[in-house]
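In the text below, chain A, chain B and the rest are named by the order of the sequence lines, each starting its count at 1.
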Number of protein chains: 2
Amino acid sequence: MAPDDDFELTDFTPYLLNAAAEAQSQEFSRVYRDRYGMLRTEWRVLFHLGRYGEMSAREISRRASIHKTKVSRAVSALEAKRFLQRRPSEEDRRVELLALRPPGRAAFDDLSRAAAAHEAELEARLGTQRLGELRLLLRELAM
Amino acid sequence: MAPDDDFELTDFTPYLLNAAAEAQSQEFSRVYRDRYGMLRTEWRVLFHLGRYGEMSAREISRRASIHKTKVSRAVSALEAKRFLQRRPSEEDRRVELLALRPPGRAAFDDLSRAAAAHEAELEARLGTQRLGELRLLLRELAM
DNA sequence: GGTGTATAGTTACTTTTGTAACCAACAAGG
DNA sequence: CCTTGTTGGTTACAAAAGTAACTATACACC
């Protein structure tokens with residue numbers, strides 16, 4: 001009947017990863033959702049622009065491994081919130097350069113702080129040593 | 001401009017968790033998707049019935065922390081594939097007991113083996129020690 | 001019994017995501 | 001210049017997930 005090496009779902013790493021990711025994501029998503037009505041992709045796009053400065057949608061897509069349609073929609077949403085501004089590139093007229101506007105910058109600063117606080121809490125919970133090990137492992141798995 | 005403790009997105013654990021989870025999930029989802037045209041929730045429901053035997057949708061929902069509408073839809077899909085059978089409970093006529101049928105059992109066996117193989121591969125990649133540590137950490141985070 | 005509340009499960013509606021087609025601009029080779 | 005192929009970006013359509021409302025049964029208390 002069952003395979004001889006029948007195992008628990010809670011021993012299956014993809015399942016565990018997902019459960020942990022969902023729990024953590026949901027916790028932080030409340031922050032950007034409640035404060036700014038943002039979706040996860042919007043937060044990620046905002047983060048990239050805030051952290052690395054003006055860039056094109058394509059570049060965000062590449063760096064963050066987000067599909068271009070998702071980026072496109074997130075950019076529109078952020079634009080509607082007056083968080084960013086589009087500027088046509090001079091070298092390539094297909095490209096639009098995206099940059100945060102003051103309200104977007106403020107949201108980025110606020111959310112960055114919240115993220116750092118969230119991370120600090122996690123560190124307190126797991127300990128510096130174990131959190132470091134976790135990060136290392138996750139980076140390996142993400143590739 | 002940027003908060004003084006500006007950090008990388010790749011140092012943000014929720015992000016890392018998500019990236020790792022997505023990578024791993026996608027890898028294994030190809031198996032049940034390509035072989036049986038199943039979605040993730042369907043695989044999880046199938047797993048619960050295969051591993052723990054006949055139970056109600058509500059019980060799956062509870063044990064697996066899947067919303068009842070998702071379970072309901074997954075059950076319908078599995079029924080359409082002739083993977084499971086519904087049987088009204090005698091004690092409570094609201095309840096339907098779900099059990100795998102032979103094709104569902106075969107799919108469960110096959111996918112369990114594939115999952116175990118996947119897990120073994122991961123273990124080879126990370127080492128028993130580190131995989132154990134990872135699981136422990138993830139369980140803590142999932143709660 | 002009758003009334004109120006909780007539960008199992010489905011369905012309808014809305015939001016979000018995924019996929020594919022599309023447009024406009026570039027680039028290379030003839 | 002004119003193909004042909006590629007790339008940045010948007011839009012249209014389809015699939016999936018989330019939320020809320022609904023049906024039917026159960027259960028508790030009067």
Side-chain angles (χ1 to χ4, degrees), chain A residues 18-19 21-23 25-27 29-30 32-34 36-46 48-49 54-81 84-99, chain B residues 18-19 21-23 25-27 29-30 32-34 36-46 48-49 54-81 84-99:
Chain A
N18 217 78
E22 209 152 297
S25 264
Q26 274 202 345
E27 209 167 297
S29 78
R30 259 194 293 278
Y32 51 73
R33 194 167 42 83
D34 294 354
Y36 303 100
M38 286 167 60
L39 298 174
R40 193 156 56 95
T41 309
E42 291 170 48
W43 150 239
R44 289 177 62 188
V45 167
L46 182 84
H48 275 267
L49 293 175
E54 187 179 62
M55 67 177 81
S56 70
R58 172 66 184 138
E59 216 170 329
I60 296 173
S61 180
R62 243 195 264 273
R63 298 177 73 133
S65 310
I66 306 175
H67 194 275
K68 62 180 183 171
T69 66
K70 275 176 92 171
V71 173
S72 173
R73 289 189 266 241
V75 166
S76 295
L78 291 171
E79 192 186 24
K81 291 184 180 76
L84 65 75
Q85 202 161 22
R86 309 163 110 114
R87 183 173 74 81
S89 158
E90 278 152 27
E91 294 106 50
D92 185 338
R93 278 182 303 161
R94 291 169 303 179
V95 174
E96 279 184 321
L97 294 171
L98 310 167
Chain B
N18 216 79
E22 209 153 296
S25 265
Q26 274 202 346
E27 208 168 298
S29 77
R30 259 194 292 278
Y32 51 73
R33 195 167 42 82
D34 292 354
Y36 303 101
M38 285 166 63
L39 298 175
R40 192 156 58 96
T41 309
E42 293 172 45
W43 151 238
R44 288 177 62 187
V45 167
L46 183 84
H48 276 266
L49 293 175
E54 188 179 62
M55 66 177 81
S56 70
R58 172 64 182 137
E59 217 171 328
I60 297 173
S61 180
R62 243 196 263 274
R63 299 176 73 133
S65 312
I66 306 174
H67 195 275
K68 61 180 183 170
T69 66
K70 274 175 92 171
V71 173
S72 173
R73 289 189 266 243
V75 167
S76 294
L78 291 171
E79 192 186 24
K81 291 183 179 77
L84 65 76
Q85 203 162 22
R86 308 162 110 113
R87 181 173 77 82
S89 159
E90 279 152 24
E91 296 107 49
D92 186 337
R93 279 183 303 163
R94 288 170 304 180
V95 174
E96 281 186 319
L97 295 171
L98 310 168

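What separates CD of A:Glu96 from P of C:dA25 is a distance of 12 Å, to the nearest Å. For the pair B:Glu59 CD and C:dG9 C1', the computed distance is 15 Å after rounding to whole Å. Across the protein-nucleic acid pair, A:Glu91 atom CD and C:dA27 atom P stand 11 Å apart, rounded to whole Å.
Using a 4.5 Å heavy-atom cutoff, the side chains of A:Leu98 and A:Gln85 are not in contact. Looking only at side-chain heavy atoms (C-beta outward), B:Glu42 and B:Tyr36 stay at 4.5 Å or farther from each other.
In 5' to 3' order, the nucleotides of DNA chain D bounding all contacts with chain A (an atom under 4.0 Å from a heavy atom) are D:dT7 to D:dA12.
Legend: residues meeting salt bridge (Lys or Arg N to Asp or Glu O under 4.0 Å) with B:Glu96, ordered by chain and number and at least two apart, are B:Arg86.
Counting only distance, with no hydrogens or angles, the side chain of A:Ser29 and the backbone of A:Gln26 share a donor-acceptor pair below 3.5 Å. Of the possible donor and acceptor atoms, none in the side chain of A:Ser65 sits under 3.5 Å from a partner among the backbone N and O of A:Ser61.
Between A:His67 atom NE2 and A:Arg73 atom CZ the span is 9.5 Å, to the nearest 0.5 Å.
Nearest-nucleotide positions on DNA chain D place A:Lys68 closer to the 5' end than the other of A:Gln26 and A:Lys68. Along DNA chain D, the nucleotide nearest B:Glu90 and the nucleotide nearest A:Arg62 are compared for position; the residue whose nucleotide lies closer to the 5' end is A:Arg62.
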Apply side-chain contact (heavy atoms from CB on, under 4.5 Å) to B:His48 and B:Arg63, showing your working. CA-CA 9 Å; B:His48 276 266; B:Arg63 299 176 73 133; 3.9 Å; yes

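Under the 4.0 Å criterion applied to side-chain N and carboxylate O atoms, B:Glu54 and B:Arg87 are assigned as salt-bridge partners.
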Reading nucleotides 11-20 of chain C from the 5' end, what letters show protein touch, with B for base, S for backbone sugar-phosphate only, - for no heavy atom under 4.0 Å? BB---SBBBB

